[in-house]
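Quick notes on the structure that follows.
Values reported hereafter were calculated over all heavy atoms of this structure, with side chains retained and with hydrogens, waters and symmetry mates removed.
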Amino acid sequence: MSDALISPAIPSSSQLQASPMRLAVLASGKGSNLAAIANAIARGELNATIQVVIYNNPAAGVVQKAEHYGIPTVLLNHRTFASREALDTAIIETVQAHQADWVIMAGWMRRVTAVLIDAFPRRVLNIHPSLLPSFPGVRAVEQALAAGTKITGCTVHYVELVVDSGPIIMQAAVPVLADDTPATLQARIQVQEHQIYPAAIALAGQAQLTAAE
């Protein structure tokens, strides 16, 4: 467990919901957050199954990560779609075909539209490398360094139409060191991402069950 300041507290395994969440993970890069989620599931820290990994970059390293865990993958190359809405429609069809009901954006480098958000209300999650609402959008780590802030971190939030604006589920604070570069700060933030993303998914699942009661 990390010594970083994490809020709210990471739930214990005894607090996990009884029925597993069925996740579809969207990724564009190496898949480190996918691995963190899969490992948390294997350790019993998240009661979930990853039904499918959807990726948009044919060269994405996440494919090898998914294969390692035996997770099916589907390529939806955004360059072949006429619009963002068309891509999101294909995502919905793929998620439903794999019987998933949560969409987990893990380094998904495409803006989503109301088409996807409305299909899975309060079931689309994202992780961002800053303490939102500070430094939304691209190059958040560089933004934090340029601003001279002493503390940054990462945030898991519900996805809404305005980028990085949705309600916050969990955050972890990371100090900015005097000699930090974008690479060193990003690396320390990513350690915390891997801690809080599985926990935040669990919290979101609990919240959904509570709301349904």
Side-chain angles (χ1 to χ4, degrees), residues 1-11 23 25-37 40 45-46 56-57 62 78 84 88 102-114 116-118 120-208 211:
M1 186 64 64
S2 168
D3 293 329
L5 178 59
I6 295 174
S7 180
I10 292 178
L23 313 179
V25 174
L26 275 55
S28 301
K30 295 179 180 179
S32 66
N33 271 307
L34 167 69
I37 294 166
E45 297 169 1
L46 172 61
N56 67 309
N57 175 10
V62 72
H78 63 275
R84 293 183 188 275
D88 283 356
W102 288 83
V103 177
I104 308 300
M105 297 169 64
W108 180 250
M109 303 306 292
R110 304 297 301 169
R111 290 184 63 175
V112 298
T113 70
L116 181 63
I117 296 169
D118 292 347
F120 301 98
R122 300 286 275 189
R123 289 176 180 260
V124 183
L125 309 185
N126 185 44
I127 191 161
H128 182 73
S130 80
L131 293 177
L132 293 173
S134 297
F135 314 123
V138 298
R139 300 191 178 278
V141 174
E142 288 86 344
Q143 289 184 61
L145 288 172
T149 187
K150 301 303 181 185
I151 297 175
T152 186
C154 49
T155 303
V156 181
H157 63 95
Y158 294 101
V159 174
E160 294 189 349
L161 202 52
V162 176
V163 172
D164 299 328
S165 69
I168 292 168
I169 302 169
M170 183 174 282
Q171 293 183 306
V174 175
V176 180
L177 306 182
D179 60 349
D180 260 330
T181 65
T184 60
L185 182 54
Q186 177 69 57
R188 293 206 316 285
I189 290 173
Q190 195 168 67
V191 170
Q192 301 310 319
E193 289 182 3
H194 299 164
Q195 290 281 347
I196 71 169
Y197 211 174
I201 294 168
L203 286 179
Q206 293 170 11
Q208 191 77 248

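Taken from CG in Leu132 to OG in Ser165, the straight-line distance is 9.0 Å, to the nearest 0.5 Å. Interatomic distance, Asp164 CG to Ile127 CD1, rounded to the nearest 0.5 Å: 11.5 Å. Note that CD of Glu193 and CD1 of Ile37 are 10.5 Å apart. Values are rounded to the nearest 0.5 Å. In this structure, the separation between CE on Met170 and CG on Leu125 is 11.5 Å, given to the nearest 0.5 Å. Rounded to the nearest 0.5 angstrom, Asp179 CG and Thr184 OG1 are separated by 6.5 Å. Atom OH of Tyr197 and atom CE of Met105 lie 7.5 Å apart (nearest 0.5 Å).
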What's the verdict on side-chain hydrogen bond (donor to acceptor under 3.5 Å, both in side chains) for Ser28 and Asn56, showing C-alpha distance, side-chain angles and the deciding distance? CA-CA 6 Å; Ser28 301; Asn56 67 309; 2.6 Å; yes
For the pair Ser7 and Gln171, evaluate side-chain hydrogen bond (donor to acceptor under 3.5 Å, both in side chains) and give the outcome as yes or no after the intermediate values. CA-CA 5 Å; Ser7 180; Gln171 293 183 306; over 6 Å; no
Kindly indicate, with the supporting measurements, whether the criterion side chain to side chain contact (heavy atoms under 4.5 Å, CB included) is fulfilled by Ile189 and Val141. CA-CA 9 Å; Ile189 290 173; Val141 174; 3.9 Å; yes
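Side-chain atoms of Gln143 come within 3.5 Å of backbone atoms of Pro136 as a donor-acceptor pair (strictly under, hydrogens ignored). At distances below 3.5 Å, not a single donor-acceptor pair connects side-chain atoms of Thr149 with backbone N or O atoms of Ala144. Under the 3.5 Å distance criterion, the side-chain polar atoms of Thr155 are matched with a main-chain donor or acceptor of Ser130. Under a 3.5 Å cut-off, the side chain of His128 and the backbone N or O of Phe135 do form a donor-acceptor pair. Side chain of Asn126 to main chain of His157: no donor-acceptor pair is present (N/O by atom type, distance under 3.5 Å, no hydrogens or angles).
Contact detail for Pro175 and Leu185: the closest heavy-atom pair is O-CD1, 4.1 Å. Considering all non-hydrogen atoms of both residues, Gly31 and Val62 come closest at CA-CG2, 3.7 Å. For Cys154 against Ile196, the heavy-atom pair with the smallest separation is SG-CD1, 3.7 Å. In plain terms, the two heavy atoms of Ala204 and Ile169 that are nearest each other are CB-CD1, 4.2 Å. Heavy-atom minimum distance, Pro121 versus Gln208: O-NE2, 4.1 Å. Nearest heavy-atom pair across Ile6 and Ala172 is CG1-CB, 3.8 Å.
Under the 4.5 Å side-chain criterion, counting only non-hydrogen atoms from C-beta, Glu45 is not in contact with Pro198. Put simply, the side chain of Ile117 reaches to within 4.5 Å of the side chain of Val159, judged on heavy atoms. Put simply, the side chain of Val176 does not reach to within 4.5 Å of the side chain of Ile151, judged on heavy atoms. Annotation: side chain of Leu203 is in contact with side chain of Gln206 (closest heavy-atom distance under 4.5 Å).
Salt bridge status for Asp180 with Arg188: present, with a side-chain N to carboxylate O gap under 4.0 Å.
More than 12 heavy-atom neighbours from other residues, nucleotides or ligands sit within 6.0 angstrom of CG on Leu177.
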